[in-house]
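Remember, it's a predicted structure, so these values are computed and weren't measured experimentally.
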Amino acid sequence: MAGVRLGRHKKAGSTLSVVGTNYGECLLGVRCPSLTRAIGIEANPALLPLIQETLASHPDRDRIRLVHGLAGDTDGVEGMLHFDPGFTGTASAVASASERLPQQVSVRSVSIDSLISESGASDAPTSVVFKLDIEGFEGVAMRGFQRLASFRDFIGILEFDPVYLDGSPVDSQTLLGQLLARGVVLDSARGIRDLQRIESMDQLRALHSRSRGTLHTDLVLASSTAVLPSNWRIR
């Protein structure tokens, strides 16, 4: 998420949200301007003490909130997180993940909408930067982020892997269609500063078949190309 400027409107609040915080490399590796609030959502309970330890020494810790929960489209519902205790990067709430991940733990769900709303209308942000990397559950988390439409400006980075997504309640075709309906979608196969605008699943699959053959990528979703950093090239 380097290069994404938060709070560029001096009189408007902004939100940074990282879903799938892991060790906090994206959430805690950046500074938060004074008008920015940050939220990190992490489902794996084993990671929380480590993230909290890092957060305690962060210079903007008072503006950063860490939430233990399973990002989804509801609040307070028990769900199952499947994980490998030896590798934190593959934890997933997709049911089929149990075939490749040996352990599981019950975690209560939380929606991005509810977390943003908790601060009250007087502190409502007008722009948001978010990152979702939750191994196939991105579509469900986006169903719990209907407030995205209320933001004047937004930039999101979402992991997109049909192998994972197609085993979840929101498959890859459905998720891409929802993203296209919400804003500008760009693929980062060539790197975050050399983006390809995407209009369909066929185009996305063709792009990856020409490059490495496997469709596993990060998609950028933006309210418009005007909010992207000036050094990000768009094809």
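- Under the 4.5 Å side-chain criterion, counting only non-hydrogen atoms from C-beta, Ile198 is in contact with Gln196.
- Counting all heavy atoms, side chain and backbone alike, Ile134 lies closest to Glu138 at N-OE2, 2.8 Å.
- Under the 4.5 Å side-chain heavy-atom criterion for grouping Ile, Leu, Val, Met, Phe, Trp and Tyr, Val170 is connected to Val19 within one hydrophobic cluster.
- Checked for salt-bridge contact, Asp113 and Arg147 miss the test: no charged N lies under 4.0 Å from a carboxylate O.
- In terms of heavy-atom proximity, Glu42 sits nearest to Gly20 at OE1-C, 3.6 Å.
- When hydrophobic clusters are built by joining Ile, Leu, Val, Met, Phe, Trp and Tyr residues whose side-chain heavy atoms come closer than 4.5 Å, directly or via intermediates, Met80 is not grouped with Tyr164.
- Within the 4.5 Å cutoff, the side chain of Thr36 has no heavy atoms near those of the Arg63 side chain.
- Scanning both residues, Thr90 and Leu101, for their nearest heavy atoms gives O-CD1, 3.1 Å.
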CA sep, side-chain torsions, deciding dist, call: Asp218, Ser188, side chain to side chain donor-acceptor pair (under 3.5 Å): CA-CA 6 Å; Asp218 286 325; Ser188 65; 4.7 Å; no
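- Looking only at side-chain heavy atoms (C-beta outward), Asp84 and Pro102 come within less than 4.5 Å of each other.
- The side-chain heavy atoms of Leu175 and Ser172, taken from C-beta on, include no pair separated by under 4.5 Å.
- In this structure, CG in Leu186 is found 8.5 Å from OG1 in Thr225, a value given to the nearest 0.5 Å.
- Linking Ile, Leu, Val, Met, Phe, Trp and Tyr residues whenever their side-chain heavy atoms come within less than 4.5 Å places Val140 and Leu176 in a single cluster.
- Leu219 places a side-chain heavy atom less than 4.5 Å from the side chain of Asp187.
- Under the 3.5 Å distance criterion, the side-chain polar atoms of Ser14 are left unmatched by any main-chain donor or acceptor of Val128.
- Closest approach of Met142 to Phe130, counting heavy atoms only: SD-CE1, 4.0 Å.
- Side chain of His216 to backbone of Glu159: no donor-acceptor contact under 3.5 angstrom is found.
- Here CZ of Phe137 is found 8.0 Å from CZ of Arg143. Values are rounded to the nearest 0.5 Å.
- Cluster membership for Ile116 and Leu221, using ILVMFWY side-chain heavy atoms within less than 4.5 angstrom, is shared.
- Arg37 places no side-chain N or O within donor-acceptor distance of the main-chain N or O of Thr15, the cut-off being under 3.5 Å.
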Leu195/Arg197 under side-chain contact (heavy atoms from CB on, under 4.5 Å): CA gap, chis, key distance, verdict: CA-CA 6 Å; Leu195 301 171; Arg197 186 158 183 167; over 6 Å; no
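- Nearest heavy atoms, Ser114 versus Asp75: OG-OD1, 2.9 Å.
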side-chain contact (heavy atoms from CB on, under 4.5 Å) between Val107 and His68, intermediate numbers included: CA-CA 8 Å; Val107 182; His68 177 218; 3.9 Å; yes
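- Side chain of Ser109 to main chain of Thr74: a donor-acceptor pair is present (N/O by atom type, distance under 3.5 Å, no hydrogens or angles).
- Note that OG of Ser117 is 11.5 Å distant from CD1 of Ile112, once rounded to the nearest 0.5 Å.
- Distance check, rounded to the nearest 0.5 Å: OH of Tyr23 to CG of Leu28 gives 13.5 Å.
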Indicate every side-chain donor-acceptor pair of residues 44-56 with a distance under 3.5 Å to a residue at least two apart or in another chain.
| from | atom 1 | to | atom 2 | distance (Å) |
| --- | --- | --- | --- | --- |
| Asn44 | OD1 | Ala46 | N | 3.1 |
| Thr54 | OG1 | Leu50 | O | 3.2 |

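- Applying the salt bridge (Lys or Arg N to Asp or Glu O under 4.0 Å) rule to Arg100 yields no partners; only residues at least two apart in sequence or on another chain are considered.
- Across all their heavy atoms, Val227 and Ala222 have their closest contact at CG2-CB, 4.1 Å.
- Between the Thr126 side chain and the Arg152 main chain, no donor and acceptor come within less than 3.5 Å of each other.
- Between Ser92 atom OG and Gln104 atom CD the span is 12.0 Å, to the nearest 0.5 Å.
- Residues Lys131 and Asp133 form a side-chain contact, since some pair of their non-hydrogen atoms from C-beta on lies under 4.5 Å apart.
- Between Arg190 and Arg235, the closest side-chain pair of non-hydrogen atoms falls below 4.5 Å.
- Atoms OG1 and CG, from Thr217 and Asp161 in turn, are 9.5 Å apart once rounded to the nearest 0.5 Å.
- The side-chain heavy atoms of Ile234 and Val184, taken from C-beta on, include no pair separated by under 4.5 Å.
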Chi angles and distances behind the side-chain contact (heavy atoms from CB on, under 4.5 Å) call for Leu204, Val185: CA-CA 10 Å; Leu204 184 59; Val185 178; over 6 Å; no
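- At a threshold of 4.5 Å between side-chain heavy atoms, the hydrophobic network of Ile, Leu, Val, Met, Phe, Trp and Tyr places Leu165 and Leu180 in one connected group.
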